[in-house]
Number of protein chains: 2
Amino acid sequence: MLNQPSPLDLTFQALADPTRRAMVERLVRGPASVSELAQPLEMSLPAVMQHLAVLESSGLVRSEKVGRVRTCRIDAAQLSLAEQWINQRRMEWASRLDRLGQYLETLKNQGEEP
Amino acid sequence: MLNQPSPLDLTFQALADPTRRAMVERLVRGPASVSELAQPLEMSLPAVMQHLAVLESSGLVRSEKVGRVRTCRIDAAQLSLAEQWINQRRMEWASRLDRLGQYLETLKNQGEEP
DNA sequence: ACGATACTAAAGCATATGCTTAACCAACCA
DNA sequence: TGGTTGGTTAAGCATATGCTTTAGTATCGT
């Protein structure tokens, strides 16, 4: 990642860490403050902040500060982006298997009717 | 990732790199040898091998060597694993929005009929 | 047997990642 | 006004990541 990483890079990278996935799992159930996010996690607050920064830079999470509390919420659109990339590959893969199957069927029929 | 990383960690981590995603994109179109995989990539063969090792350790790719050529193919089941995790979060998120909407609707109706 | 092909193994290196601790600041609240 | 709460910044450190180059080791074709 010497060049500036793409949104997809950042999103998968963000999801690659179990702590960050736990934060996402919490946030899909509704918005939360930083300390609410940190509460179940066995690490220091600054560590949680750094994970939050990764999530925000990927676009998976947005947050705004009002008074002294920062409220975080997920952005489902960004979740879709990652999901779509995988889905498209699976589709490509499946359609290739389909074509392969049809081809083999053709060969078989040609063998039956000489 | 001090503990041994989970399959999901490894899979998202594998997908977080553009070179490795390019390799996956190649492999969904059919099996390929290591040098076929390396051909469009602007890096040394050993580098490609290391990316391949990451993909294999995640389970996204399997490979077998016959003679002197190693043939690689994707494992779509592992792709599904990652896709399902994301999908489940999006579903949770959507269903929460649903409940929220219904609740707001209830409030509105209560306001209309006193 | 001999060279070319296809991969592999090992070492080194620069940068990135995932923490920590130690301040620090800006609301709140009594 | 002064303490507590909620968050932030900075520095430091151990390990991981993404390459490179160099030096192999098995095939395969002639």
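Below, read A as the first sequence line, B as the second, and so on, with proteins coming before strands; counting in each chain starts at 1.
Regarding contacts with the backbone of C:dT17, every side-chain N or O of A:H51 stays at 4.0 angstrom or more from both OP1 and OP2. The phosphate of C:dT8 (OP1 or OP2) has a side-chain N or O of B:R70 nearer than 4.0 angstrom. At the phosphate of C:dG18, OP1 or OP2 sits under 4.0 Å from a side-chain N or O atom of A:R20. Phosphate proximity of C:dC7 to B:S35: present, with a side-chain N or O under 4.0 Å from OP1 or OP2.
A:E36 has its CD atom 8 Å from the P atom of D:dG7, to the nearest Å. The CG atom of A:L10 sits 14 Å away from the C1' atom of C:dT17 (whole-angstrom rounding). Rounding to whole angstrom units, CG of residue A:L37 and C1' of D:dG7 are separated by 13 Å. Rounded to a whole Å, the CG atom of A:L52 is 14 Å from the P atom of C:dG18. Between the P atom of C:dT21 and the CG atom of A:L45 lies a distance of 13 Å, rounded to the nearest Å. Separating the CG atom of A:D17 from the C1' atom of D:dT15 is a distance of 14 Å, rounded to the nearest angstrom. Between the C1' atom of D:dT17 and the CZ atom of A:F12 lies a distance of 19 Å, rounded to the nearest Å. For B:M49 and D:dT17, the CE to C1' distance is 17 Å, given to the nearest whole Å.
Residue side chain A:Q50 reaches the base of C:dT20 through a donor-acceptor N/O pair under 3.5 Å, judged by distance alone.
With distances taken from any side-chain atom of B:R68 to the nucleotides C:dT5, D:dT20, C:dA27, the minimum falls on C:dT5. For A:K65, whose side chain is taken as the heavy atoms from C-beta onward, the closest listed nucleotide among D:dC19, D:dG7, C:dT8 is D:dG7.
Figure legend: cation-pi geometry between B:R89 and B:W93 absent, as NZ or CZ is not positioned both under 6.0 Å from the six-membered ring centre and within 45° of its axis.
In this structure, B:L37 and B:L27 have side chains that are in contact, with non-hydrogen atoms separated by less than 4.5 Å.
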Subject >> From CA spacing to verdict: side-chain hydrogen bond (donor to acceptor under 3.5 Å, both in side chains), B:S58, B:Q78 >> reply: CA-CA 8 Å; B:S58 78; B:Q78 200 66 21; 5.9 Å; no
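Residue A:M43 places its CE atom among more than 12 non-hydrogen atoms of other residues, nucleotides or ligands, all under 6.0 Å distant.
Nucleotides of DNA chain C nearest to B:T71 and A:P46 differ in position, and the one nearer the 5' end is that of B:T71.
Among the protein residues, B:S44 comes within range of the nucleic acid bases, having at least one heavy atom under 4.0 Å from a base atom.
Atom CD of B:Q84 and atom CG of B:L8 lie 10.0 Å apart (nearest 0.5 Å).
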